[in-house]
J.: 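To start, I am sharing the structure in question, which I have written as C-alpha cells.
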Amino acid sequence: MRHGRSEWRGRKRESDFRAAFNAARLAMAIVDRDGRVVSANDALGALLGAAPDSLVSTSVTDLPSLGLDRNTIRNGLAGAATSPPSTAPRGGDSMSCTRRLKNPDGHTLWAEISLMPTAHDGETLLSVADVSEQRDLRERLRHLQMHDPVTRLPNRTLFFERLATALSDTATGRVGICYIDLDGFKAVNDTLGHRVGDELLDAVARRLIQCAEDGGQRHLAARLGGDEFALLVDGSTGTEQLTALAGAALKAIQQPFDLGGQRLTVSASIGVVEREAQGTDPTELMQAADTTLYWAKADGKARWTLFDPERNAHRMTRQALSSALRGAVERGEFVLDYQPIVDLGDDKLVGVEALVRWQHPQFGKLGPNRFIGLAEENGGIVPLGRHVLEESCRQARGWMLDHAGPPAYVSVNVAVRQMWDSDLVADVRRVLEETGLPPGLLQLELTESAVMGSAGRPLQALQDLNEMGVRIAIDDFGTGYSNLAYLSRLPVRVLKLDGSFVSGFRAARHPNPADETIVTALVRLAHQLGLTVTAECVESPAQADRLRRIGCDTGQGWHFAKPMPAHCVAALLR
C-alpha cells in the first residue's frame, strides 16, 4: 500500500513537471546522453517553426536554427554525465552560450542557449532564452559609456580601444593619429557661455566627421575631452596621407561658424604621428601625439606639426637632464674649466672665469648651454651655484698659495634665481671664510637682467657684497636693457662687453665703424664712472690690437686661451 502511494506520487510529480514543461514560455527540450531530443515543449517548437513531437529523436546538432556544433554539445553533455542526480544541479556543471538566431518568419533575435543536467541520470535540459532586449539595453548603455554626450563622437575610452585593435590588426601594418586641440576655445566659453561652447564643439565634430569620410575612406573621429579631438587612421599609407588629413581638418575648422546668431572663428593646432604598428604601444603613440601637439602650439598655433624623432630625442634629453640635475651635484658630476682673463696692456694673466661642465655618465661632457637653463627652471641652479662658488674659491686660494707674484682673481657667474632663492651674501661670506680666499680675488658676474631695476633684496645683496670687498661685474653688457642710468646707482666695478661687439673687429682692413664707435663710447663712459672693461670673445691679434688702442682694460677669448682645467692655469701662472 505504501509502495503504491509512493509510485503514485512519483507519477504525479512527473505529470506536474510535464505540464509545467509544456506550458513554459521558455523554449526547452530534454536531451539524452547521446545528444538527441527526448521531448520538446511548445515554446521551442514555435521558435524553430516545427511541431514539438517532430523534434523528438533529432540530434541537437541537426537543429540548424540553434547553430550548436558537436564540441559545444559534447562539453555540455559531459557536465551532465559527471553531475550527481539532484533536483538542483551545481552551477559549475551548466554550459551556456549566446547565438544570433533567425525565426522561421525571418526575424532575428539574440538567444542564450543553456545545457544543464537534470535529476534524471544522463539527461540534460536544453533551454533557449530570448535575450534580445537585454542585449540591446547593454549595447545602448555601452554606447552611452563609449560616446561623448555633447558631440556623440566616440570618447577617449572607445578611441583607445579602437587604437589598440588597429595596432594589433591593420591592413597596411601602419597607423596614424591627428591629435587636435582648438585654439581660443576657452575664450568662447568664458565670453559666450558653455551652451555656445558646446554648440561649437558639436559643429567642429561634424566637420571632422566629414574630413574623416572624404576620399572614400572612413577614419575614426573622436572627442578625447575638453576641446581635444583625434582622427585615427587604421591602415595608414604613410605620412603624406596623415598630413593631408591634418591639412583638411585645419582648413575645415578655420572656416567661420554661425551659432545662435554669432559668427565665431577658431583655429586648431594638430599633432601628427604616423608609424609602424608592430612594436608600438597605444600609450606610447598617444604620448608622441601629445608631444607633437605641444610643438604645434609652441610653434605659433593654427598649424599641424609632424612628429620629429630628433626633436623628441632632444626633449627627452632635456627631461632626463632636468630630473638628474640635482643628484648630479651630490654625485660630483660637475667639473670646472677656467678661461684666462689677460691685461691688454702687457698680456699678463690677471684672472680666470670659472665655467661649469657636466660630466654626464650617459651623454658625456656637456657645456653650460645644455643645462644652465634647465637648472634655472627647476631651481637646481641654487645648489649648483653654491658648488661652483665653493670649488672656484678653493681653487683660487690654492693658486694664490702655490705661486708667487700677483694672485689671479676668479670670476663666477651668478644666475638671477640665485639672487632671489638663496642668501647669496651668506653663501659668499661662508665660502670665503672656509677657503681663506681674500674677497678682492672673487668677482661675481651678473647679467644686465639680473641687476636692471634692482631694488629691495637684490640691491641690498649687491651693496653687502661690495662692502665685503667682492668685485661685481656686469656680464654681456650692451645686449640687455642697455640702460646706463643704473651704472651710477649700483656697486659695479667691471663691465664685460658682449662678444657681438668684438666680432665686428675681425677684419683689419674692413672694420665695422659702428661697432668701434659703440665700444669706444662704452669704454670711455665706464672709465669716467671708475669702472674697468673686459672684452669677451677676442679671437684674433687684430681684435686684441684694436681693443688695446681703444683703451679696453682686459680681454678674454680664444686668442689668449681656451677654457682649461685647473692644472693648466697653474702652469700659466708659473
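For the numbers below, each heavy atom of this structure counts, side chains included, while hydrogens, waters and symmetry mates do not.
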J.: Decide side-chain contact (heavy atoms from CB on, under 4.5 Å) for Val502 and Glu536; before the verdict, give the C-alpha distance in whole Å, the side-chain angles of both, and the deciding distance to 0.1 Å.
T.: CA-CA 7 Å; Val502 180; Glu536 297 182 290; 6.0 Å; no

J.: For a quick check under 3.5 Å, do Ser269 and Asp181 share a side-chain donor-acceptor pair by atom type?
T.: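 Ser269 vs Asp181: no donor-acceptor pair found between side chains.
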
J.: Side-chain contact, heavy-atom cut-off 4.5 Å: His194 with Asn189?
T.: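 In short, these two side chains touch, coming nearer than 4.5 Å.
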
J.: Residues in salt bridge (Lys or Arg N to Asp or Glu O under 4.0 Å) with Arg315, at least two apart?
T.: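 None.
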
J.: How would you list all residue pairs meeting ring-ring contact (aromatic ring centres under 6.0 Å, His included) that involve residues 531-574, not counting sequence neighbours?
T.: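 Qualifying pairs, neighbours excluded: none.
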
J.: Is there a salt bridge (Lys or Arg N to Asp or Glu O under 4.0 Å) between Glu330 and Arg326 once you walk through the steps?
T.: CA-CA 7 Å; Glu330 300 174 359; Arg326 286 181 177 270; over 6 Å; no

J.: Would you indicate whether the side-chain heavy atoms of Gln395 and Val352 approach each other to under 4.5 Å?
T.: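 A side-chain contact under 4.5 Å is absent here.
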
J.: So for atom CZ, which belongs to Phe160, do other residues, nucleotides or ligands contribute more than 12 heavy atoms lying within a distance under 6.0 Å?
T.: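 Count over threshold, so yes.
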
J.: Tell me the closest heavy-atom pair linking Arg471 and Val494, and the distance in Å.
T.: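 Looks like NH2-CG2, 3.7 Å.
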
J.: For Thr265, is there any backbone N or O sitting under 3.5 Å from a side-chain donor or acceptor partner on Gln254?
T.: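 Pair absent, no side-chain N/O of Gln254 close to backbone of Thr265.
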
J.: Checking Arg303 side chain against Lys301 main chain: does a donor-acceptor pair fall under 3.5 Å?
T.: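 Judged by distance alone, yes, a pair lies under 3.5 Å.
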
J.: Does the side chain of Leu389 reach to within under 4.5 Å of the side chain of Leu442, using non-hydrogen atoms?
T.: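 Yes - at least one pair of side-chain heavy atoms lies under 4.5 Å apart.
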
J.: Is Asp464 reaching over with its side chain to a backbone N or O of Glu467, donor-acceptor style, under 3.5 angstrom?
T.: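 Pair absent, no side-chain N/O of Asp464 close to backbone of Glu467.
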
J.: Are Leu446 and Leu462 close enough that some pair of their side-chain heavy atoms sits under 4.5 Å apart?
T.: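 Counting from C-beta outward, Leu446 and Leu462 do come under 4.5 Å.
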
J.: Please confirm whether the backbone N or O of Thr534 pairs with a side-chain atom of Asp553, one donor and one acceptor, at under 3.5 Å?
T.: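 Side chain of Asp553 to backbone of Thr534: no pair is present.
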
J.: Is the shortest side-chain N to carboxylate O distance from Arg386 to Glu390 below 4.0 Å?
T.: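 No, Arg386 and Glu390 are not salt-bridged.
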
J.: Would you indicate whether Gln278, at its atom CD, is surrounded by more than 12 heavy atoms from other residues, nucleotides or ligands within a distance under 6.0 Å?
T.: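 It does not: Gln278 CD has 12 such atoms or fewer within range.
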
J.: Just so I know, are the side chains of Lys348 and Pro406 near enough to count as touching, which here means a heavy-atom distance under 4.5 Å?
T.: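 A side-chain contact under 4.5 Å is absent here.
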
J.: Evaluate the side-chain contact (heavy atoms from CB on, under 4.5 Å) criterion for residues Ile341 and Tyr409: first the C-alpha distance (whole Å), next the side-chain angles of each, then the deciding distance (0.1 Å), finally the verdict.
T.: CA-CA 9 Å; Ile341 301 172; Tyr409 66 84; 3.7 Å; yes

J.: Report, as yes or no, whether the 6.0 Å neighbourhood of atom CZ on Arg311 holds more than 12 heavy atoms from other residues, nucleotides or ligands.
T.: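 More than 12 heavy atoms, drawn from other residues, nucleotides or ligands, come within 6.0 Å of this atom.
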
J.: Tell me, do Val175 and Val233 make a side-chain contact under 4.5 Å, heavy atoms counted?
T.: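 No - every pair of side-chain heavy atoms lies 4.5 Å or more apart.
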
J.: Would you check, one step at a time, whether the test side-chain contact (heavy atoms from CB on, under 4.5 Å) holds for Asp427 with Gln418?
T.: CA-CA 10 Å; Asp427 287 343; Gln418 286 178 266; over 6 Å; no

J.: Do Ser411 and Glu445 pair up side chain to side chain, a donor and an acceptor below 3.5 Å, judged on atom types alone?
T.: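 Yes, because at least one side-chain N or O of Ser411 sits under 3.5 Å from a partner of the opposite role on Glu445.
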
J.: Parallel, tilted or perpendicular: which describes the rings of Trp358 and Phe334, with under 30° parallel and over 60° perpendicular?
T.: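 The rings of Trp358 and Phe334 sit tilted, inter-plane angle from 30° to 60°.
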
J.: Any side-chain heavy atom of Glu434 within less than 4.5 Å of one from Cys393?
T.: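 Not in contact.
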
J.: Which pair of heavy atoms, one from Ile177 and one from Leu232, lies closest together, and at what distance?
T.: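 What the structure gives for the nearest pair is CG1-CD1, 4.1 Å.
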
J.: What are the two closest non-hydrogen atoms of Leu306 and Thr292, and how far apart are they?
T.: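 Closest approach of Leu306 to Thr292, heavy atoms only: C-CG2, 3.7 Å.
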
J.: If every non-hydrogen atom of Ile270 is compared with every non-hydrogen atom of Leu250, which pair is closest and at what distance?
T.: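 Smallest heavy-atom distance, with atoms named: CD1-N, 4.0 Å.
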
J.: Begin from the C-alpha positions of Arg394 and Val431 and carry the test side-chain contact (heavy atoms from CB on, under 4.5 Å) through to its verdict.
T.: CA-CA 8 Å; Arg394 185 193 62 78; Val431 170; over 6 Å; no

J.: Is it true that, when you exclude Arg195 itself, more than 12 heavy atoms of the residues, nucleotides or ligands shown sit nearer than 6.0 Å to its CZ?
T.: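 No, not enclosed.
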
J.: What are the two closest heavy atoms between Cys552 and Val533, and how far apart are they?
T.: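 Taking every non-hydrogen atom into account, SG-O, 3.6 Å.
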
J.: Can you tell me if Asp148 uses its side chain to pair, donor with acceptor, with the backbone of Arg223 under 3.5 Å?
T.: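 Looks like no, no N/O pair under 3.5 Å.
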
J.: With a 3.5 Å distance limit and no angle check, can you tell me whether Arg548 reaches the backbone of Gly551 through a side-chain donor-acceptor pair?
T.: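 Pair absent, no side-chain N/O of Arg548 close to backbone of Gly551.
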
J.: Between the side chains of Arg430 and Glu433, is the shortest nitrogen-to-carboxylate-oxygen separation below 4.0 Å, so that they form an ion pair?
T.: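 Answer for the salt bridge query: no.
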
J.: Give me the atom names and distance for the closest heavy-atom approach of Asp202 to Thr151.
T.: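 Closest pair (atom of Asp202, atom of Thr151, distance): OD1-CA, 3.6 Å.
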
J.: For Ala302, does its backbone N or O pair with a side-chain atom of Asp183 as donor and acceptor, under 3.5 Å?
T.: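 Flag set: sc Asp183 to bb Ala302 pair under 3.5 Å.
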
J.: May I have the list of side-chain donor-acceptor pairs in residues 362-377 shorter than 3.5 Å, sequence neighbours left out?
T.:
| from | atom 1 | to | atom 2 | distance (Å) |
| --- | --- | --- | --- | --- |
| Glu377 | OE1 | Arg318 | NH2 | 3.4 |
| Glu377 | OE2 | Arg318 | NH2 | 3.4 |

J.: Keeping Gln543 on the side-chain end and Glu539 on the backbone end, is there a donor-acceptor pair under 3.5 Å?
T.: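 Here the side-chain-to-backbone pair exists.
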
